[in-house]
Amino acid sequence: MSRAENRYDPEAEARAQRAALLADAVAGLTAERKTLPCKWLYDAEGARLFEEIIRLPEYYPTRTETAILRGCASEAAALAGPGAAVVEFGSGSAEKVGLLLDAMDRPAAYVPVDIAPEWLEEGAARVAAAHPGLTVLPVVADFTRPFPLPRLPRGTPLLGFFPGSTIGNFTPEAARDFLRMAGRILGPGSRLLIGADRVKDQAVLEAAYDDAAGVTAAFNMNLLARLNRELGAEFDLKAFRHEARWNAEKERIEMHLVSLRPQLVRMAGRRLRFAAGETIHTENSHKYRPERFTALCAEAGWSAERHWGDADGLFSVWLLKQGG
Ligand code: AVI
(Lines give C-alpha, C1' and ligand atoms only; values in the text may rest on other atoms or scores of the structure.)
Protein backbone atom coordinates (compact mmCIF):
# COMPACT_ATOMS: atom_id res chain seq x y z
CA MET A 1 0.00 0.00 0.00
CA SER A 2 1.46 3.40 -0.85
CA ARG A 3 0.42 6.86 0.29
CA ALA A 4 -0.62 9.52 -2.16
CA GLU A 5 -0.45 12.20 0.55
CA ASN A 6 2.26 12.20 3.23
CA ARG A 7 2.35 15.79 4.54
CA TYR A 8 -0.09 15.03 7.37
CA ASP A 9 0.80 16.72 10.71
CA PRO A 10 -1.60 15.46 13.44
CA GLU A 11 -0.98 18.36 15.86
CA ALA A 12 -1.47 21.06 13.26
CA GLU A 13 -4.57 19.19 12.08
CA ALA A 14 -5.98 19.03 15.65
CA ARG A 15 -5.45 22.81 16.08
CA ALA A 16 -7.07 23.53 12.74
CA GLN A 17 -10.03 21.26 13.63
CA ARG A 18 -10.58 23.01 16.96
CA ALA A 19 -10.46 26.45 15.31
CA ALA A 20 -12.94 25.30 12.66
CA LEU A 21 -15.26 23.78 15.32
CA LEU A 22 -15.14 27.04 17.30
CA ALA A 23 -15.90 29.14 14.21
CA ASP A 24 -18.83 26.90 13.21
CA ALA A 25 -20.19 26.76 16.79
CA VAL A 26 -20.06 30.55 17.22
CA ALA A 27 -21.62 31.21 13.81
CA GLY A 28 -24.27 28.49 14.18
CA LEU A 29 -25.27 29.15 17.79
CA THR A 30 -25.53 32.94 17.48
CA ALA A 31 -27.68 32.75 14.33
CA GLU A 32 -31.40 33.56 14.35
CA ARG A 33 -32.11 29.82 13.82
CA LYS A 34 -29.46 27.85 15.67
CA THR A 35 -27.61 25.18 13.72
CA LEU A 36 -24.44 23.08 13.89
CA PRO A 37 -22.95 21.33 10.83
CA CYS A 38 -23.52 17.56 10.99
CA LYS A 39 -19.86 16.77 10.23
CA TRP A 40 -19.08 17.60 13.88
CA LEU A 41 -21.21 14.63 15.03
CA TYR A 42 -18.27 12.34 14.21
CA ASP A 43 -15.59 12.59 16.88
CA ALA A 44 -14.34 9.26 18.29
CA GLU A 45 -17.45 8.87 20.48
CA GLY A 46 -19.78 9.93 17.63
CA ALA A 47 -18.12 7.43 15.29
CA ARG A 48 -18.53 4.71 17.93
CA LEU A 49 -22.22 5.54 18.36
CA PHE A 50 -22.73 5.61 14.59
CA GLU A 51 -21.34 2.06 14.39
CA GLU A 52 -24.07 1.11 16.92
CA ILE A 53 -26.74 2.96 14.93
CA ILE A 54 -26.11 0.96 11.77
CA ARG A 55 -26.89 -2.26 13.67
CA LEU A 56 -30.15 -1.01 15.25
CA PRO A 57 -33.35 -2.81 14.25
CA GLU A 58 -35.02 0.52 13.33
CA TYR A 59 -32.10 1.77 11.17
CA TYR A 60 -32.86 0.00 7.88
CA PRO A 61 -30.51 1.89 5.44
CA THR A 62 -27.22 0.06 6.07
CA ARG A 63 -28.49 -3.51 5.98
CA THR A 64 -30.83 -2.76 3.06
CA GLU A 65 -28.08 -1.15 0.98
CA THR A 66 -25.65 -3.98 1.79
CA ALA A 67 -28.19 -6.56 0.59
CA ILE A 68 -28.78 -4.57 -2.62
CA LEU A 69 -25.02 -4.28 -3.22
CA ARG A 70 -24.61 -8.01 -2.70
CA GLY A 71 -27.18 -8.59 -5.43
CA CYS A 72 -26.00 -5.95 -7.94
CA ALA A 73 -22.20 -6.01 -7.53
CA SER A 74 -21.50 -8.38 -10.42
CA GLU A 75 -23.70 -6.42 -12.84
CA ALA A 76 -22.15 -3.09 -11.78
CA ALA A 77 -18.66 -4.61 -12.01
CA ALA A 78 -19.33 -5.93 -15.51
CA LEU A 79 -20.52 -2.49 -16.65
CA ALA A 80 -17.43 -0.84 -15.13
CA GLY A 81 -15.33 -3.24 -17.21
CA PRO A 82 -12.08 -5.13 -16.58
CA GLY A 83 -9.14 -3.27 -15.07
CA ALA A 84 -11.18 -0.41 -13.59
CA ALA A 85 -10.05 1.57 -10.53
CA VAL A 86 -12.49 2.27 -7.70
CA VAL A 87 -12.43 5.72 -6.02
CA GLU A 88 -14.43 5.73 -2.77
CA PHE A 89 -15.55 9.16 -1.54
CA GLY A 90 -15.54 9.37 2.28
CA SER A 91 -14.38 5.76 2.61
CA GLY A 92 -14.28 5.72 6.46
CA SER A 93 -14.05 2.13 7.58
CA ALA A 94 -14.50 0.89 3.95
CA GLU A 95 -16.98 -1.82 4.97
CA LYS A 96 -18.93 -2.18 1.71
CA VAL A 97 -16.36 -1.82 -1.06
CA GLY A 98 -15.21 -5.44 -0.69
CA LEU A 99 -18.52 -6.56 -2.21
CA LEU A 100 -17.71 -4.53 -5.31
CA LEU A 101 -13.99 -5.37 -5.54
CA ASP A 102 -14.71 -9.10 -5.18
CA ALA A 103 -17.03 -8.92 -8.18
CA MET A 104 -14.62 -6.94 -10.41
CA ASP A 105 -12.38 -8.36 -13.10
CA ARG A 106 -8.75 -7.48 -12.18
CA PRO A 107 -9.42 -4.07 -10.58
CA ALA A 108 -6.49 -1.72 -11.30
CA ALA A 109 -6.56 0.03 -7.93
CA TYR A 110 -8.64 1.02 -4.93
CA VAL A 111 -8.42 4.73 -4.01
CA PRO A 112 -10.12 5.41 -0.64
CA VAL A 113 -10.52 9.14 0.09
CA ASP A 114 -11.24 10.37 3.62
CA ILE A 115 -10.44 13.37 5.80
CA ALA A 116 -9.84 11.19 8.91
CA PRO A 117 -6.38 9.60 8.46
CA GLU A 118 -6.85 6.91 11.15
CA TRP A 119 -10.08 5.58 9.59
CA LEU A 120 -8.56 5.88 6.14
CA GLU A 121 -5.51 3.83 7.05
CA GLU A 122 -7.54 1.23 8.92
CA GLY A 123 -10.03 0.79 6.07
CA ALA A 124 -7.28 0.77 3.43
CA ALA A 125 -5.27 -1.83 5.37
CA ARG A 126 -8.34 -4.06 5.74
CA VAL A 127 -9.12 -3.88 2.01
CA ALA A 128 -5.44 -4.51 1.11
CA ALA A 129 -5.34 -7.58 3.40
CA ALA A 130 -8.55 -8.99 1.90
CA HIS A 131 -7.41 -8.39 -1.71
CA PRO A 132 -3.76 -9.46 -2.01
CA GLY A 133 -2.13 -7.93 -5.07
CA LEU A 134 -4.59 -5.04 -5.30
CA THR A 135 -2.95 -1.60 -5.49
CA VAL A 136 -4.41 0.51 -2.66
CA LEU A 137 -3.73 4.26 -2.85
CA PRO A 138 -5.29 6.10 0.12
CA VAL A 139 -5.80 9.86 -0.21
CA VAL A 140 -6.24 12.11 2.86
CA ALA A 141 -8.64 14.77 1.63
CA ASP A 142 -11.96 16.45 2.27
CA PHE A 143 -13.93 14.67 -0.44
CA THR A 144 -16.41 17.55 -0.75
CA ARG A 145 -13.64 19.72 -2.27
CA PRO A 146 -11.59 19.11 -5.42
CA PHE A 147 -8.56 16.86 -4.79
CA PRO A 148 -6.00 15.29 -7.15
CA LEU A 149 -6.23 11.57 -7.84
CA PRO A 150 -3.05 9.51 -7.56
CA ARG A 151 -1.42 8.70 -10.88
CA LEU A 152 -3.00 5.68 -12.59
CA PRO A 153 -2.07 4.01 -15.88
CA ARG A 154 -3.44 6.04 -18.80
CA GLY A 155 -6.88 4.89 -19.91
CA THR A 156 -7.81 3.19 -16.59
CA PRO A 157 -11.64 3.21 -16.41
CA LEU A 158 -12.76 4.94 -13.20
CA LEU A 159 -15.65 3.87 -11.00
CA GLY A 160 -16.60 6.22 -8.16
CA PHE A 161 -18.23 4.66 -5.08
CA PHE A 162 -20.36 6.68 -2.66
CA PRO A 163 -22.53 4.34 -0.55
CA GLY A 164 -24.47 4.90 2.67
CA SER A 165 -26.82 7.65 1.46
CA THR A 166 -24.27 10.19 2.67
CA ILE A 167 -25.48 12.26 -0.30
CA GLY A 168 -28.67 12.71 1.76
CA ASN A 169 -26.76 14.68 4.41
CA PHE A 170 -26.08 17.42 1.83
CA THR A 171 -28.67 20.00 0.82
CA PRO A 172 -29.87 19.27 -2.73
CA GLU A 173 -27.73 22.20 -3.96
CA ALA A 174 -24.63 20.85 -2.20
CA ALA A 175 -25.45 17.35 -3.50
CA ARG A 176 -25.54 18.71 -7.07
CA ASP A 177 -22.24 20.53 -6.52
CA PHE A 178 -20.67 17.35 -5.11
CA LEU A 179 -21.89 15.26 -8.07
CA ARG A 180 -20.54 17.85 -10.51
CA MET A 181 -17.17 17.92 -8.74
CA ALA A 182 -17.01 14.10 -8.61
CA GLY A 183 -17.62 14.12 -12.36
CA ARG A 184 -14.72 16.49 -12.90
CA ILE A 185 -12.40 14.40 -10.69
CA LEU A 186 -13.33 11.07 -12.29
CA GLY A 187 -13.41 12.48 -15.82
CA PRO A 188 -15.25 11.72 -19.06
CA GLY A 189 -16.68 8.23 -19.47
CA SER A 190 -16.47 7.45 -15.75
CA ARG A 191 -19.16 5.84 -13.62
CA LEU A 192 -20.39 6.39 -10.07
CA LEU A 193 -22.10 3.74 -7.92
CA ILE A 194 -24.10 5.62 -5.29
CA GLY A 195 -26.65 4.80 -2.57
CA ALA A 196 -29.62 7.05 -1.88
CA ASP A 197 -32.32 6.53 0.73
CA ARG A 198 -35.95 6.84 -0.43
CA VAL A 199 -39.07 8.67 0.76
CA LYS A 200 -41.27 6.28 2.75
CA ASP A 201 -43.74 6.04 5.61
CA GLN A 202 -43.12 8.83 8.16
CA ALA A 203 -43.29 6.46 11.14
CA VAL A 204 -40.58 4.21 9.66
CA LEU A 205 -38.36 7.23 9.00
CA GLU A 206 -38.83 8.80 12.41
CA ALA A 207 -38.18 5.49 14.21
CA ALA A 208 -34.95 5.04 12.22
CA TYR A 209 -33.71 8.38 13.60
CA ASP A 210 -35.18 8.07 17.11
CA ASP A 211 -34.64 4.44 18.10
CA ALA A 212 -36.11 2.84 21.20
CA ALA A 213 -32.69 2.17 22.75
CA GLY A 214 -31.80 5.88 22.57
CA VAL A 215 -28.59 5.39 20.58
CA THR A 216 -29.43 8.08 17.99
CA ALA A 217 -30.38 10.43 20.85
CA ALA A 218 -26.95 9.80 22.43
CA PHE A 219 -25.29 10.37 19.02
CA ASN A 220 -27.02 13.76 18.68
CA MET A 221 -26.47 14.78 22.34
CA ASN A 222 -22.77 13.93 21.99
CA LEU A 223 -22.45 17.09 19.92
CA LEU A 224 -23.14 19.20 23.03
CA ALA A 225 -20.80 17.00 25.08
CA ARG A 226 -18.17 17.60 22.39
CA LEU A 227 -18.59 21.39 22.65
CA ASN A 228 -18.12 21.03 26.42
CA ARG A 229 -15.03 18.81 26.00
CA GLU A 230 -13.30 20.66 23.20
CA LEU A 231 -14.38 24.28 23.60
CA GLY A 232 -14.99 24.36 27.38
CA ALA A 233 -18.67 25.16 26.76
CA GLU A 234 -21.10 24.66 29.68
CA PHE A 235 -24.08 22.89 28.15
CA ASP A 236 -26.22 21.09 30.75
CA LEU A 237 -27.02 17.89 28.86
CA LYS A 238 -30.13 17.30 31.00
CA ALA A 239 -31.58 20.59 29.73
CA PHE A 240 -31.80 19.39 26.09
CA ARG A 241 -33.48 16.48 24.32
CA HIS A 242 -33.06 14.80 20.93
CA GLU A 243 -35.79 15.14 18.30
CA ALA A 244 -36.11 13.59 14.83
CA ARG A 245 -38.71 15.30 12.59
CA TRP A 246 -39.91 14.49 9.10
CA ASN A 247 -40.03 17.69 7.00
CA ALA A 248 -42.60 16.68 4.38
CA GLU A 249 -42.06 19.72 2.18
CA LYS A 250 -38.30 19.21 1.91
CA GLU A 251 -38.55 15.40 2.09
CA ARG A 252 -35.93 15.12 4.78
CA ILE A 253 -35.47 13.90 8.33
CA GLU A 254 -34.14 16.67 10.54
CA MET A 255 -32.32 16.06 13.80
CA HIS A 256 -32.68 18.77 16.42
CA LEU A 257 -31.56 19.35 20.02
CA VAL A 258 -34.46 20.95 21.86
CA SER A 259 -33.91 23.26 24.85
CA LEU A 260 -36.18 22.05 27.66
CA ARG A 261 -36.28 25.43 29.40
CA PRO A 262 -35.15 29.05 28.97
CA GLN A 263 -31.41 29.09 29.63
CA LEU A 264 -28.12 30.89 29.13
CA VAL A 265 -25.14 28.73 28.19
CA ARG A 266 -21.53 29.90 28.36
CA MET A 267 -19.32 29.06 25.42
CA ALA A 268 -15.95 30.58 24.47
CA GLY A 269 -16.53 33.89 26.26
CA ARG A 270 -20.11 34.22 25.01
CA ARG A 271 -23.48 33.65 26.62
CA LEU A 272 -25.88 31.82 24.35
CA ARG A 273 -29.57 32.45 25.06
CA PHE A 274 -32.11 29.64 24.51
CA ALA A 275 -35.88 29.97 24.81
CA ALA A 276 -37.87 26.94 26.02
CA GLY A 277 -38.53 24.75 22.97
CA GLU A 278 -35.91 26.48 20.83
CA THR A 279 -33.79 24.03 18.86
CA ILE A 280 -30.32 23.54 17.43
CA HIS A 281 -30.74 21.93 14.01
CA THR A 282 -27.92 19.40 13.76
CA GLU A 283 -28.54 17.23 10.67
CA ASN A 284 -30.61 16.82 7.53
CA SER A 285 -31.05 13.42 5.93
CA HIS A 286 -32.75 13.91 2.55
CA LYS A 287 -34.76 11.08 1.10
CA TYR A 288 -35.05 10.82 -2.69
CA ARG A 289 -37.87 9.63 -4.92
CA PRO A 290 -36.21 8.01 -7.97
CA GLU A 291 -37.41 10.70 -10.40
CA ARG A 292 -36.09 13.47 -8.17
CA PHE A 293 -32.73 11.76 -7.78
CA THR A 294 -32.24 11.21 -11.52
CA ALA A 295 -33.18 14.88 -12.17
CA LEU A 296 -30.56 16.01 -9.65
CA CYS A 297 -27.94 13.76 -11.25
CA ALA A 298 -28.81 15.04 -14.73
CA GLU A 299 -28.30 18.64 -13.56
CA ALA A 300 -24.80 17.58 -12.46
CA GLY A 301 -23.95 15.86 -15.78
CA TRP A 302 -24.66 12.23 -14.83
CA SER A 303 -27.22 9.88 -16.35
CA ALA A 304 -28.64 6.82 -14.61
CA GLU A 305 -27.39 3.66 -16.33
CA ARG A 306 -28.94 1.18 -13.85
CA HIS A 307 -31.06 1.26 -10.71
CA TRP A 308 -31.35 -1.47 -8.10
CA GLY A 309 -33.67 -1.50 -5.11
CA ASP A 310 -35.10 -3.79 -2.44
CA ALA A 311 -38.53 -5.44 -2.55
CA ASP A 312 -39.98 -2.95 -0.05
CA GLY A 313 -38.76 0.13 -1.95
CA LEU A 314 -36.77 1.39 1.03
CA PHE A 315 -33.44 2.20 -0.59
CA SER A 316 -31.84 2.70 -4.03
CA VAL A 317 -28.43 1.97 -5.48
CA TRP A 318 -27.69 3.79 -8.74
CA LEU A 319 -25.01 3.31 -11.37
CA LEU A 320 -24.47 6.72 -12.96
CA LYS A 321 -22.50 7.44 -16.10
CA GLN A 322 -20.88 10.72 -17.12
CA GLY A 323 -22.89 12.44 -19.78
CA GLY A 324 -25.12 9.83 -21.30
C1 AVI B 1 -24.23 9.08 7.62
N2 AVI B 1 -25.63 9.32 7.28
C3 AVI B 1 -25.96 8.78 5.96
C4 AVI B 1 -26.59 8.94 8.34
C5 AVI B 1 -28.04 9.21 7.87
O6 AVI B 1 -28.84 8.29 7.93
O7 AVI B 1 -28.34 10.33 7.44
C8 AVI B 1 -26.32 9.69 9.63
C9 AVI B 1 -27.30 9.38 10.74
N10 AVI B 1 -27.86 10.28 11.50
C11 AVI B 1 -28.65 9.70 12.37
N12 AVI B 1 -28.65 8.40 12.14
C13 AVI B 1 -27.78 8.17 11.12
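Nothing fancy with the numbering, it's 1 onward along the sequence. Below, each value reflects all heavy atoms present in this structure, side chains not excepted, and no hydrogens, waters or symmetry copies.
Taken together through direct or relayed side-chain contacts under 4.5 Å among Ile, Leu, Val, Met, Phe, Trp and Tyr, Leu79 and Ile68 form part of one hydrophobic cluster. Put simply, Leu237 and Leu260 are part of two different groups of oily side chains (I, L, V, M, F, W, Y) that touch within less than 4.5 Å, one to the next. Residues Met181 and Leu179 are members of one and the same hydrophobic cluster, defined by side-chain heavy-atom contacts under 4.5 angstrom among Ile, Leu, Val, Met, Phe, Trp and Tyr. Cluster annotation: Leu29 is connected to Val26 through the hydrophobic network of ILVMFWY side chains, with a link wherever side-chain heavy atoms come within less than 4.5 Å. Note: the hydrophobic cluster containing Trp119 does not contain Val111 (ILVMFWY, side chain heavy atoms under 4.5 Å, direct or indirect links).
Nearest approach of Val86 to Met104, heavy atoms of both residues: CG2-SD, 3.4 Å. Between Ala233 and Asn228 the shortest heavy-atom distance is O-OD1, 2.8 Å. Minimum interatomic distance between Gln263 and Val265 (heavy atoms only, all atoms of both residues): OE1-CG2, 3.9 Å. Of all non-hydrogen atoms in Arg292 and Pro172, the two that sit nearest each other are NH2-CG, 3.5 Å. Closest of all the heavy-atom pairs between Trp40 and Gln17 is CZ3-OE1, 3.3 Å. Residues Gly83 and Ala108 come closest through the heavy atom pair O-CB, 3.3 Å.
Residue pairs meeting the salt bridge (charged side-chain N to carboxylate O under 4.0 Å, His left out) criterion with at least one partner in residues 64-84, sequence neighbours excluded, are Glu65-Lys96, Glu75-Arg306. Within the structure, salt bridge (charged side-chain N to carboxylate O under 4.0 Å, His left out) contacts touching residues 80-89 (residues at least two apart or in different chains) do not occur. Residue pairs meeting the salt bridge (charged side-chain N to carboxylate O under 4.0 Å, His left out) criterion with at least one partner in residues 222-231, sequence neighbours excluded, are Asp43-Arg229, Arg226-Glu230.
Side chain to side chain, His286 and Asn169 fail the donor-acceptor criterion of an N or O pair below 3.5 Å. Asn220 and Thr282 are linked by a side-chain donor-acceptor pair at a separation below 3.5 angstrom, with hydrogens and angles left out of the test.
Atom CD of Glu122 is surrounded by 12 or fewer heavy atoms from other residues, nucleotides or ligands within 6.0 Å. The environment of CD in Glu291 is crowded: more than 12 heavy-atom neighbours from other residues, nucleotides or ligands sit within 6.0 Å.
A distance of 9.5 Å separates CH2 of Trp246 from OH of Tyr209, quoted to the nearest 0.5 Å. In this structure, the separation between OG1 on Thr294 and CG on Leu320 is 9.5 Å, given to the nearest 0.5 Å. Taken from CZ in Arg266 to CZ in Arg270, the straight-line distance is 13.5 Å, to the nearest 0.5 Å. To the nearest 0.5 Å, atom NE2 of residue His256 and atom NZ of residue Lys34 are 13.5 Å apart. To the nearest 0.5 Å, the span separating CZ on Arg18 from CD on Glu13 amounts to 14.5 Å. Atom CZ of Arg241 is separated from atom OG1 of Thr279 by 9.5 Å, given to the nearest 0.5 angstrom.
Applying the side chain to side chain contact (heavy atoms under 4.5 Å, CB included) test to Ala141 and every residue at least two apart in sequence or in another chain returns Val113, Val139, Phe147. Residues satisfying the side chain to side chain contact (heavy atoms under 4.5 Å, CB included) test with Thr216, not counting sequence neighbours, are Ile53, Leu56, Asp211, His242, Met255. Remark: Tyr42 pairs with Phe50, Phe219, Glu283 by the side chain to side chain contact (heavy atoms under 4.5 Å, CB included) rule, at least two apart or across chains.
Contact of the Glu243 side chain with the Glu254 side chain is not registered, since no non-hydrogen atoms from C-beta on lie closer than 4.5 Å. Between Leu41 and Asn222, every side-chain heavy-atom pair lies at or beyond the 4.5 Å cut-off. In this structure the side chain of Leu192 reaches within 4.5 angstrom of the side chain of Trp302, judged on heavy atoms. Residues Leu159 and Ser190 have side chains not in contact (no heavy-atom distance under 4.5 Å, counting atoms from C-beta outward). A heavy-atom distance below 4.5 Å is found between the side chains of Tyr60 and Asp197. Side-chain contact between Phe235 and Leu272: present, with at least one pair of heavy atoms (C-beta onward) separated by less than 4.5 Å. A 4.5 Å side-chain heavy-atom check between Arg191 and Glu305 finds at least one atom pair inside the cut-off. Looking at Leu193 and Leu100, their side chains come closer than 4.5 Å, going by heavy atoms from C-beta outward.
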Take Thr135 and Tyr110 through the side-chain contact (heavy atoms from CB on, under 4.5 Å) test and state the conclusion after the steps. CA-CA 6 Å; Thr135 303; Tyr110 170 53; over 6 Å; no
List the steps, then state whether side-chain contact (heavy atoms from CB on, under 4.5 Å) holds for Ile280 with Val258. CA-CA 7 Å; Ile280 307 172; Val258 186; over 6 Å; no
side-chain contact (heavy atoms from CB on, under 4.5 Å) evaluation trace for Val140 with Leu120: CA-CA 7 Å; Val140 181; Leu120 180 72; 3.6 Å; yes
Step by step, work out the side-chain contact (heavy atoms from CB on, under 4.5 Å) result for Phe143 and Asp114. CA-CA 6 Å; Phe143 72 86; Asp114 205 287; 5.7 Å; no
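Note on Asp236 versus Arg261: salt bridge recorded, some NZ/NE/NH1/NH2 to OD/OE distance being below 4.0 Å. Salt bridge Glu45/Arg48: present, at least one basic N to carboxylate O contact under 4.0 Å. A salt bridge between Glu251 and Lys287 is absent, with no side-chain N of the basic residue lying under 4.0 Å from a carboxylate O of the acidic one. Salt-bridge annotation for Glu278 and Arg273: absent, with no side-chain N of the basic residue lying under 4.0 Å from a carboxylate O of the acidic one.
When Phe315, Phe293, Trp318 are each tested for a ring-ring contact (aromatic ring centres under 6.0 Å, His included) with His307, only one passes: Trp318.
At least one donor-acceptor pair under 3.5 Å links the side chain of Asn247 to the backbone N or O of Glu249. Formation of a donor-acceptor pair under 3.5 Å by the Thr156 side chain with backbone atoms of Leu152 is not found in this model. Checking side-chain atoms of Lys39 against main-chain N and O of Pro37 turns up no donor-acceptor pair under 3.5 Å. Of the possible donor and acceptor atoms, one in the side chain of Thr171 sits under 3.5 Å from a partner among the backbone N and O of Ala174.
In this structure, Phe89 has its ring center no closer than 6.0 Å to that of Phe161.
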